[in-house]
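What follows is a single structure, written as structure tokens, with notes after it.
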There are 2 protein chains.
Amino acid sequence: MKMLTVNEVAKLSGVSVRALHHYDDIGLLKPASIGRNRYRYYGQDELLRLQQILLHRELDIPLSEIGAILDAPKFDRLETLHKQRDRLAKEAKRYARLVRTIDRTIASLNGDDAMKNAELYKGFSAEKQAGYEKWLIDTYGGDMDKHVEISRKAYAALSAAEKARLQDELQEVETAWAEAMKNGVSADSKALDPLLARHRAWVAVMWDRPCPPEAYAGLADLHLGHPDFVKRYETIAPGFSDFHAASMKAYAKRLAG
Amino acid sequence: MKMLTVNEVAKLSGVSVRALHHYDDIGLLKPASIGRNRYRYYGQDELLRLQQILLHRELDIPLSEIGAILDAPKFDRLETLHKQRDRLAKEAKRYARLVRTIDRTIASLNGDDAMKNAELYKGFSAEKQAGYEKWLIDTYGGDMDKHVEISRKAYAALSAAEKARLQDELQEVETAWAEAMKNGVSADSKALDPLLARHRAWVAVMWDRPCPPEAYAGLADLHLGHPDFVKRYETIAPGFSDFHAASMKAYAKRLAG
DNA sequence: GATAGTCCCTCACGCCGCGTGAGGGTCAAC
DNA sequence: GTTGACCCTCACGCGGCGTGAGGGACTATC
């Protein structure tokens with residue numbers, strides 16, 4: 001049976017030699033055997049246990065608990081896993097919330113608050129409503145007033161949890177979208193389709209009516225033409241307002257074609 | 001001017017007295033004045049600075065850096081804020097990824113692996129194929145064999161990466177979906193529309209053909225009738241199988257209406 | 001003005017998960 | 001037998017406090 005020294009284990013697993021010493025000290029991972037020269041030797045079982053340790057360490061579980069978990073019977077582990085999942089989900093949300101807080105702070109430094117954002121998207125900010133309706137009527141003709149009224153009522157009727165959910169959804173989409181841009185994805189790439197589908201669905205919910213491709217493309221132009229939108233997107237990432245509009249239009253074209 | 005003692009500041013801010021001592025020691029937050037009795041006295045300015053400190057501490061910024069940030073000119077802070085935002089966004093993603101990993105682990109412990117999921121959802125698991133086809137034929141009449149064959153081939157043609165991506169997508173949707181339920185969003189809420197749109201799109205990909213509203217609603221019933229599905233959803237969260245089906249049906253109704 | 005109770009202070013050690021030496025043995029290869 | 005790469009065992013340090021210990025200071029009540 002091949003035995004491994006600390007250095008070899010370290011290189012295999014990516015953990016430091018000192019960490020192995022430490023795990024030995026605290027009894028988390030004992031070597032399979034110790035030579036008369038006091039060298040630590042690890043076997044296959046120890047490597048497997050180490051994998052488990054590292055996996056749990058990734059989850060920010062204290063080493064003492066990891067030991068307890070690994071030494072516990074298997075059916076307990078599933079429960080532990082569920083608990084960890086919830087804890088991590090909370091952490092993930094906490095961070096997401098912090099990101100939003102920062103975003104709002106940045107936005108408010110730019111003289112832009114959350115309420116205004118919701119209104120922006122709905123297109124019903126008191127000051128802008130006139131201009132927006134004009135645009136809608138110019139574009140689609142007909143009686144938009146009814147739509148506007150319906151939409152406003154529908155949004156007001158949502159519960160706080162639902163509004164929060166929608167807010168989260170938009171945040172998520174925009175973040176991933178800007179991320180894609182930063183990663184060099186081109187605006188007309190099909191890789192953006194899932195994101196754009198989500199965005200379009202989101203817009204449809206805000207409008208409380210379907211968002212046909214032409215309307216979606218029109219929305220892109222609308223954004224470009226409104227300094228408020230441009231500012232909002234540039235705050236997310238420089239260059240994002242153009243990218244945002246370009247990808248919306250490309251997507252609308254794909255939908256129509 | 002009202003001066004506050006450590007205890008008062010502690011109660012106001014939620015920080016411990018010891019922490020205030022510590023902040024004094026490291027020079028992060030010095031009291032406005034110190035009495036002859038060596039008591040620390042804090043004023044309004046210190047409270048404001050403390051707020052800032054706590055805000056940054058929430059972001060897991062080391063105290064030494066917080067000091068540097070707060071003592072830096074304001075225009076530098078915006079940049080710092082942007083950097084922190086990116087860092088936190090990465091953390092949030094890391095946690096989200098971990099949650100997904102755990103979800104997959106839990107799922108696989110339940111004997112619920114990717115392949116099986118795909119089969120389940122496609123409704124072509126060998127044992128169930130007969131019953132499912134019967135249902136499809138009853139409902140839509142006509143020649144389903146062709147569809148079945150096409151779908152199976154299409155899925156087989158996907159690369160491993162694409163399959164993994166689909167798996168992740170489903171995982172993401174289901175997690176957010178269950179989350180919404182836990183937060184008290186009602187099954188027929190429009191706030192779920194973006195999620196349901198994603199889900200329906202996902203189903204369409206699995207089927208390799210569009211998923212009309214009636215078929216989507218039918219799928220909900222199919223799920224309720226199949227213990228495998230029910231078990232799968234109940235594993236995600238108790239009560240989720242019903243919520244899942246109910247929201248699918250409500251969504252389908254909205255689509256049709 | 002004594003007493004009690006609640007505040008305040010200053011040390012100083014402890015926790016976790018190692019990093020980073022110092023000081024000294026051990027191994028394989030030439 | 002020498003070199004160089006490993007191995008070992010201490011032992012201190014970091015960050016952000018928690019948690020006493022031991023002792024003054026303030027306030028209210030008798």
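Letters go in sequence order (proteins before strands), and every chain restarts at 1.
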Proximal nucleotide (of [options]) relative to the [X] side chain:
| X | options | value |
| --- | --- | --- |
| B:Y39 | D:dA25, C:dT10, C:dT26 | D:dA25 |
| B:T5 | C:dC8, D:dC8, D:dG18 | C:dC8 |
| B:R18 | D:dC17, C:dG25, C:dC9 | D:dC17 |
| A:H22 | D:dC7, C:dG17, D:dG18 | C:dG17 |
| A:L63 | C:dT10, D:dC7, C:dC18 | C:dC18 |
| B:P62 | C:dG19, D:dC6, D:dG16 | D:dG16 |
| B:Y23 | D:dC17, C:dC18, D:dC8 | D:dC17 |

Could you tell me whether B:E91 and B:R94 make a salt bridge, using a distance below 4.0 angstrom between a side-chain N and a carboxylate O?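 Between B:R94 and B:E91 there is a salt bridge, with a charged N closer than 4.0 Å to a carboxylate O.
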Nearest-angstrom distance from the residue atom [atom1] of [X] to [atom2] of [N]:
| X | N | atom1 | atom2 | value |
| --- | --- | --- | --- | --- |
| B:D60 | D:dG15 | CG | P | 15 Å |
| A:L28 | C:dC18 | CG | C1' | 13 Å |
| A:N37 | D:dC8 | CG | P | 8 Å |
| B:I61 | D:dG15 | CD1 | C1' | 15 Å |
| B:I26 | D:dC14 | CD1 | P | 13 Å |
| A:R36 | C:dT26 | CZ | P | 12 Å |
| B:E8 | C:dC7 | CD | P | 10 Å |
| A:I34 | C:dG25 | CD1 | P | 19 Å |

Return no unless some side-chain N or O of B:H21 is found under 4.0 Å from OP1 or OP2 of C:dT10. no
Please state whether the phosphate of D:dC6, meaning OP1 or OP2, lies under 4.0 angstrom from any side-chain nitrogen or oxygen of A:R38. no
What distance do B:I61 atom CD1 and B:I69 atom CD1 have between them, rounded to the nearest 0.5 Å?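 If we round to the nearest 0.5 Å, B:I61:CD1 and B:I69:CD1 are 4.0 Å apart.
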Of B:N7 and A:S64, whose closest DNA chain C nucleotide lies nearer the 5' terminus? B:N7
Starting at the 5' end of DNA chain C and moving along, which residue's nearest nucleotide shows up first, A:S16 or B:V6? B:V6
Taking all non-hydrogen atoms of both residues, which atom of B:L192 and which atom of B:S247 are closest, and how far apart?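 Heavy atoms of B:L192 and B:S247 come nearest at CD1-CB, 4.0 Å.
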Quick one: sort the B:W177 and B:F240 rings into parallel, tilted or perpendicular, breaks at 30° and 60°. perpendicular
Ring geometry between A:H199 and A:H244 (parallel below 30°, tilted from 30 to 60°, perpendicular above 60°):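 The arrangement is perpendicular - the two ring planes meet at more than 60°.
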